[in-house]
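Notes for the one structure printed next.
Below, chains carry the letters A, B, ... as their sequence lines are ordered, and counting in each starts from 1. These numbers were taken from a predicted model, which means no experiment stands behind them.
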2 protein chains.
Amino acid sequence: MGALIGEYECKLDEKGRLMVPSGLKKQLPAKEQKKFVVNRGFEKQLNMYPQKEWEKISSQINELNLFVKQNREFVRKFNNGATEVEVDGSGRILLPKTLMQYAGIDKEAILFAHSNRIEIWSKAEYDKFMKEGADDFAALAEQVMGNIPNKGKADVS
Amino acid sequence: MGALIGEYECKLDEKGRLMVPSGLKKQLPAKEQKKFVVNRGFEKQLNMYPQKEWEKISSQINELNLFVKQNREFVRKFNNGATEVEVDGSGRILLPKTLMQYAGIDKEAILFAHSNRIEIWSKAEYDKFMKEGADDFAALAEQVMGNIPNKGKADVS
DNA sequence: AATTTACCACTTTCTCCCACTTGTTGAAAA
DNA sequence: TTTTCAACAAGTGGGAGAAAGTGGTAAATT
């Protein structure tokens, strides 16, 4: 699977179902358009992974020895609500209510795809997050990327 | 049996019976949907295993040399409270009261499935556990997963 | 006999499936 | 060249059936 990309604004219908934009589906191989795994993200947002991507991650996690306390803690926090979701015949997904509440999603959501995941935000939280520290983006970029040697890297400034 | 996954919020009825969510049952082969073994977890929580999984674990434990004092102690404590439970006709299980008390489960429970088990938490304890040290997750992840060679490992940060 | 457990019946809620509406694209004819 | 219609895809809504939730009674165990 290539890296995902795109930002999509979606409305939930009255039953809380979320349409997966066709533009996003097209980026995924046919076999990976049906099943996803959603869990809580670090910010007030959810992360959704195509099932295969999730399996790559979790197969390693599941090999940890659970008699070790630290491993138990890690496994639990790593999963953090991870739940399988499936798109219905009309290309919609129904997210568990507990996760919707966590992310504060009501009517409007933003799907923000990058690398191997799709982040799901409430529109309000997304705008807030992107607004905060918007001024300092240049400074942040320097902090994060400034020390990486510039081998054939594309200039994105 | 594939790895289990999912977080489910369940209410107990007034008789203390716990509904097994259908989403969880679907993950188990038909033959393993009826009988489970529950015992005390290391945290303030219970672990429930499909019977076959329990047998695997139990056979490992039974290989320990019981002439060793430490082993005897471990085996006793590990089996302490282990109880076979069966799903009733309406898809519910009745957990022994002593175990419910141990886990502090009253009305609301969280079923948290991963690898080969289903952890049963009181909602309050679960929230507390997930909240504690949430900031240090990155450090924990490094400690636990940091030494594993990074072969095609997916990024989950 | 009292308490616990198993079994059965019913209501409400939710989920999945199907059918319909809307929108878009492309081709053909005026 | 423009307009119209057809065909398909995208998006919306509703309804049937399954699952969740509730309660009660009979049976069994102590």
Separation of [X] atom [atom1] from [N] atom [atom2], in whole Å?
X	N	atom1	atom2	result
B/D13	D/dG24	CG	C1'	12 Å
A/E14	D/dG11	CD	P	17 Å
B/I93	C/dA6	CD1	C1'	15 Å

*Do B/R92 side-chain and D/dT22 base share a donor-acceptor contact under 3.5 Å?*
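Donor-acceptor pair under 3.5 Å: yes.
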*Ignoring hydrogens and angles, answer whether the base of C/dC17 and the side-chain atoms of A/S90 contain a donor-acceptor pair closer than 3.5 Å.*
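Answer is no: no donor-acceptor pair is held.
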*Look at A/D127 together with A/K131 and state whether they make a salt bridge at an N to O cut-off of under 4.0 Å.*
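Salt bridge flag = no for A/K131 with A/D127.
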*Taking 4.0 angstrom as the limit, do B/K56 and B/E53 come out as a salt bridge?*
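Salt bridge between B/K56 and B/E53, a charged N being under 4.0 Å from a carboxylate O: yes.
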*Is the distance between the ring centroids of A/Y8 and A/F112 under 6.0 Å?*
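No, the ring of A/Y8 stays outside the 6.0 Å limit from the ring of A/F112, centre to centre.
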*Report which part of the nucleic acid B/K15 touches: base, sugar-phosphate, or nothing (heavy-atom distance under 4.0 Å, all strands).*
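Answer is base: heavy atoms of B/K15 come under 4.0 Å of a base.
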*Base, sugar-phosphate alone, or nothing: which one does A/K97 contact when heavy atoms must sit under 4.0 Å apart?*
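Since only primed, P, OP1 and OP2 atoms lie under 4.0 Å of A/K97, the category is sugar-phosphate.
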Of the listed nucleotides [options], the one nearest the side chain of [X]:
X	options	answer
B/S22	D/dA10, D/dA19, C/dA6	D/dA19
B/L94	C/dA9, D/dG13, C/dT5	C/dT5
A/M19	D/dG11, C/dT5, D/dG14	D/dG11
B/P21	D/dA20, D/dG13, D/dG23	D/dA20

*Measure up the A/F67 and B/F74 rings against each other and bin them: parallel (under 30°), tilted (30 to 60°), perpendicular (over 60°).*
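Taking B/F74 first and then A/F67, their aromatic rings stand perpendicular (interplane angle over 60°).
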